[in-house]
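Report on the structure given below.
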2 protein chains.
Amino acid sequence: VQLRSADLAALDRRRRAALVNSLTGFKSANLVGTSDGMGRSNLAIMSSLVHLGSSPALFGLVLRPDSVERHTLDNIRRTGVYSVNHVHEGIVAAAHQTAARYPREISEFAATGLTEHWVEDFDAPLVAEAAVRLGLALRDEISLEINGTRLLIGEVCYVDVPDRALAADGSLDVGAAGSVALAGLDRYYRTSLYKRMAYAKPDLPPREIAER
Amino acid sequence: VQLRSADLAALDRRRRAALVNSLTGFKSANLVGTSDGMGRSNLAIMSSLVHLGSSPALFGLVLRPDSVERHTLDNIRRTGVYSVNHVHEGIVAAAHQTAARYPREISEFAATGLTEHWVEDFDAPLVAEAAVRLGLALRDEISLEINGTRLLIGEVCYVDVPDRALAADGSLDVGAAGSVALAGLDRYYRTSLYKRMAYAKPDLPPREIAER
């Protein structure tokens with residue numbers, strides 16, 4: 001089917017949201033853990049993490065201030081840190097449930113059965129059940145005037161990844177780590193490695209890297 | 001393995017890039033098509049597309065001006081439009097090859113064997129071989145001071161998706177559409193639907209949607 005701007009505008013709100021959210025393609029499924037600094041924790045699933053740079057290691061995270069993500073935003077502003085934890089098959093149901101509109105005084109950890117994991121000198125809870133866990137420190141917050149969303153820029157200051165999923169070149173095979181892919185608002189996918197491609201050069205044809 | 005900021009900083013540049021690029025998790029693999037308005041086309045694979053909103057339909061795209069993405073950025077500034085085309089299994093090798101540093105006068109379409117597809121009233125080429133094709137109009141360009149990257153904000157003005165991959169609620173099953181997931185710099189993954197989850201509510205346990 002083909003749609004133009006007027007067709008998109010004519011869709012009812014829910015159908016448009018369902019379609020548009022799926023058009024970017026596969027996304028990461030990450031649990032973002034925060035604390036209010038006074039003993040209350042928050043956990044929220046997000047699919048808007050984007051790589052901004054490796055040196056220093058900077059990630060962007062898009063938040064909508066009018067949604068359940070408000071608690072997360074308040075906590076990050078207060079403590080300056082947040083954790084990012086990859087969702088894997090075993091925790092898909094609990095991870096998805098963190099999107100429910102729980103009141104501020106209820107921790108999504110307790111509500112969904114996930115376990116807080118704390119590391120020294122980092123004031124946000126990580127997820128004990130996750131295999132890939134990151135700690136980020138807030139470096140900038142940008143307001144996108146066009147629709148009121150916020151882009152948080154964080155620097156990676158803590159990395160905990162399974163040894164078995166690390167490749168010889170230092171990269172992490174997130175498929176081997178068990179992470180799932182998310183698409184749209186609610187579809188979680190298993191993955192299997194199809195091809196690993198060598199660095200592209202204009203004078204050479206595409207070559208695969210034989211990894212397994 | 002666990003790393004702190006100092007450990008990350010101590011990695012050599014290539015190993016750090018390989019690791020950090022894989023830490024966000026799965027990403028979309030999209031071919032971004034542009035034209036200079038004078039008959040020269042450009043095509044570049046990107047994994048930094050992020051959903052910003054559905055009403056209007058806005059996507060962010062992160063570009064690094066110092067890289068091969070420079071030609072894309074110049075073209076988008078000139079014409080105000082760009083296409084986004086999902087990579088599927090059949091075009092992974094060609095899509096990856098668009099990342100090579102071809103000179104400006106060489107079109108990555110010609111160099112990689114992909115075919116330009118033009119639609120009325122839209123001044124950027126789409127990819128004929130792609131099953132999911134979008135047209136976007138530039139709405140804003142934001143410079144991220146922290147590391148010089150650019151966030152382009154585009155509004156979706158053209159959508160072409162396969163009917164067979166559309167669900168009853170209007171969403172697109174990108175797995176059924178054949179799109180691949182990308183992780184890190186060079187790993188392409190096949191996917192299979194694991195679970196589709198119902199809208200999360202605080203007073204209900206997590207429920208699956210039986211889709212197939």
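Residue numbers start from 1 in every chain, and the chains themselves are labelled A, B, ... in the order their sequence lines are given, proteins ahead of strands.
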Chain A: which of B/P202, B/P206, B/G170 shares the most heavy-atom pairs with it under 4.5 Å?
B/P202
With sequence neighbours left out, write down each residue that passes ring pair (Phe, Tyr, Trp, His ring centres under 6.0 Å) with A/H86, or none if nothing qualifies.
none
Can you tell me how far the CG atom of B/L144 sits from the CG atom of A/L151, to the nearest 0.5 Å?
6.0 Å
Find the one option among A/V92, A/V84, A/D121 whose heavy-atom pairs under 4.5 Å with chain B are most numerous.
A/V92
Which members of residues 16-30 of chain B, sorted by number, sit under 4.5 angstrom from chain A on a heavy-atom basis?
B/R16, B/A17, B/A18, B/L19, B/V20, B/N21, B/S22, B/L23, B/T24, B/G25, B/F26, B/K27, B/S28, B/N30
Can you tell which part of A/L8 gets under 4.5 Å to a heavy atom of chain B, answering side chain, backbone, both or neither?
side chain
Option in B/D203, B/N147, B/L185, B/L182 with maximal non-hydrogen atom pairs under 4.5 Å from chain A
B/N147
Between A/Y102 and A/H71, does the ring centroid distance fall short of 6.0 Å?
no
What is the minimum heavy-atom distance between B/L114 and B/A95, and which atoms define it?
CD1-N, 4.5 Å
Find the one option among B/V119, B/D12, B/I146 whose heavy-atom pairs under 4.5 Å with chain A are most numerous.
B/I146
Considering only heavy atoms, which portion of B/F59 lies under 4.5 Å from any heavy atom of chain A: side chain, backbone, both, or neither?
side chain
Do A/I209 and A/M197 have side-chain heavy atoms sitting under 4.5 Å apart?
no
Ring-plane angle category for A/Y188 and A/H96, please: parallel below 30°, perpendicular beyond 60°, tilted otherwise.
perpendicular
With a 4.5 angstrom heavy-atom cut-off, which part of A/E108 approaches chain B: side chain, backbone, both or neither?
neither
Just grab all the salt bridge (charged side-chain N to carboxylate O under 4.0 Å, His left out) pairs involving residues 146-160 of chain B, residues at least two apart or on different chains.
B/R133-B/D160, B/R139-B/E155, B/E141-B/R150
Can you say whether B/P205 sits under 4.5 Å from chain A via the side chain, the backbone, both, or neither, judging by heavy atoms?
backbone
For A/S179, is it the side chain, the backbone, both or neither that has a heavy atom under 4.5 Å from a heavy atom of chain B?
both
Would you mind checking which part of B/A198 comes under 4.5 Å of any heavy atom in chain A, side chain (CB onward), backbone (N, CA, C, O), both or neither?
backbone
Name the region of B/L52, side chain, backbone, both or neither, that has any atom closer than 4.5 Å to a heavy atom of chain A.
both
So which of B/E208, B/E145, B/E89, B/R207 has the biggest tally of heavy-atom pairs under 4.5 Å with chain A?
B/E89
Highest number of heavy-atom pairs under 4.5 Å with chain A: which of B/V87, B/I106, B/L49?
B/L49
For the residue pair B/S171 and A/R15, confirm or rule out a side-chain donor-acceptor distance under 3.5 Å.
no
I'd like to verify something: which residue of B/V174, B/V1, B/V156, B/L172 has the highest number of heavy-atom pairs under 4.5 Å with chain A?
B/V1
Any residue meeting side-chain contact (heavy atoms from CB on, under 4.5 Å) with A/D123, in chain and number order, not counting sequence neighbours
A/V81
So which of A/D7, A/L166, A/D163 has the biggest tally of heavy-atom pairs under 4.5 Å with chain B?
A/D163
If we define contacts as heavy-atom pairs under 4.5 Å, which of A/V50, A/L11, A/V180, A/D169 has the most with chain B?
A/D169
Ignoring hydrogens, what is the shortest heavy-atom contact between A/V127 and A/H117? Give both atom names and the distance.
C-CB, 4.2 Å
After noting the C-alpha distance and the side-chain angles of B/Y189 and A/D173, does the key distance pass the side chain to side chain donor-acceptor pair (under 3.5 Å) rule?
CA-CA 11 Å; B/Y189 295 82; A/D173 180 344; 2.5 Å; yes
With respect to chain B, which residue among A/I142, A/V132, A/L134, A/D140 yields the maximal number of heavy-atom pairs within a distance under 4.5 Å?
A/L134
Note: B/L204 and A/Q97 closest approach over all heavy atoms is O-NE2, 3.0 Å
When you compare the side chain of B/V161 with that of A/Q2, does any pair of heavy atoms fall below 4.5 Å?
no
